[in-house]
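Below, read A as the first sequence line, B as the second, and so on, with proteins coming before strands; counting in each chain starts at 1.
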Number of protein chains: 2
Amino acid sequence: MLKISELAEQTGLSAHTLRYYEKHGLINASNRSAAGYRFYTDLDVRRVQFVKTARNTGFSLADIGQLLSIRVDKQSHSCQDVTDITQKKLLEVNAKLAELQSMQQTLELLLESCCGGPENATHCSIMEALDAGLSREDEN
Amino acid sequence: MLKISELAEQTGLSAHTLRYYEKHGLINASNRSAAGYRFYTDLDVRRVQFVKTARNTGFSLADIGQLLSIRVDKQSHSCQDVTDITQKKLLEVNAKLAELQSMQQTLELLLESCCGGPENATHCSIMEALDAGLSREDEN
DNA sequence: GTTGACCTTAGAGTTAACTCTAAGCTTATA
DNA sequence: TATAAGCTTAGAGTTAACTCTAAGGTCAAC
């Protein structure tokens, strides 16, 4: 049985975050001391680790809530329920990735075009490109 | 001379957003009518377009504030001032990109591993992988 | 028996970039 | 001249996921 600070140390999350997760229905302490202190079992720890892993994989807390409700009653859910959530997240990640890759390319082109030196910026090609709307090559 | 809704239409930004940008010192209306209506010149329009282009390139409003202060006094700034801002942004974008690529890979592996069918989730390999911390292959 | 570290709760603050609302002028049109 | 569309401001609300604070109770050790 772990106290909240011990669980925090074991999982790498802060006690604040753990209480926050509890408030949002993701986790819970199986036991409380007479005075109200939270005490966590091994099962609780594993649930927190599940949350942390899902978080690192990009799932939102809302997604994780869904995944957890599948986790506690796997019989009543299908693999498709799980892949639906995962697919949706992958699409979001891919969309964000495309956006960032476009930014990356633009930034790299800008940096290639500019001397970056101590000359004054009167003819700076980055400023010119931003002024010209990047020459309309990549607009939204 | 454009009214704010006309500028909004020309730039694809909302009038709300334009006022927001003004409140944060990025743009301004060169003129006001007797009653206080904003009126924008061609120069104002170009400044707004600069902001929009920079925004699409990933710069934060704070970055754009810096770029704009260079823009209005290029003599007093060097190309290096501009590339410093651009470099910093590229590093941020690259960091975020790496994070998302790792998530993408994980999500794809998860999806490959799971049948995604109507079977119940008792042995769902996505759930198992999340439970196992993704087999420790990719931890933070 | 008193420090000091740790725990509790409710609730406020943070961040970025909007987005919207309310209450009240202004302006163009019919 | 009356209506509707559009403008003004100040300020509140939104989103996600924390992060922190205040005020106070608890517990182990010296």
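A donor-acceptor contact under 3.5 angstrom links the side chains of B:Ser14 and B:Thr17, judged on distance only. Side-chain contact, A:Thr53 with A:Asn56: no donor N or O sits under 3.5 Å from an acceptor N or O.
Aromatic rings of A:Tyr20 and A:His16 (six-membered ring for Trp) have centroids beyond the 6.0 Å cut-off, not under it.
Scanning all heavy atoms of the two residues, the minimum distance from B:Cys114 to A:Thr83 falls at SG-CG2, 3.5 Å.
Atom CG of A:Leu7 and atom C1' of C:dC7 are 14 Å apart (whole Å). Between the CG atom of B:Asn28 and the P atom of D:dT8 there is a distance of 12 Å, rounded to whole Å. As rounded to whole Å, 15 Å separates atom C1' of C:dA5 from atom CD1 of A:Ile4. Separating the CZ atom of A:Arg19 from the P atom of C:dT9 is a distance of 7 Å, rounded to the nearest angstrom.
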When you compare the protein's N or O atoms with those of nucleotides 23-30 of chain C, which come within less than 3.5 Å of each other, and at what distance?
residue, atom, partner, partner atom, Å
C:dT26, O4', B:Tyr37, OH, 3.3

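The CD1 atom of A:Ile64 sits 12.0 Å away from the OG atom of A:Ser69 when rounded to the nearest 0.5 Å.
Considering only heavy atoms from C-beta on, A:Phe39 stays 4.5 Å or farther from A:Ile4 through its side chain.
A:Arg38 comes within 4.0 angstrom of sugar-phosphate atoms only, judged by non-hydrogen atoms across all strands, and of no base.
Figure legend: cation-pi geometry between A:Arg71 and A:Phe50, with NZ or CZ positioned under 6.0 Å from the six-membered ring centre and within 45° of its axis.
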With the sugar-phosphate defined as primed atoms, P, OP1 and OP2, and the base as all remaining atoms, what B/S/- string results for nucleotides 12-23 of chain D, 5' to 3', for protein heavy atoms under 4.0 Å?
-----BBBBB--
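Within 6.0 Å of the CD atom in A:Glu9, the count of heavy atoms belonging to other residues, nucleotides or ligands does not exceed 12.
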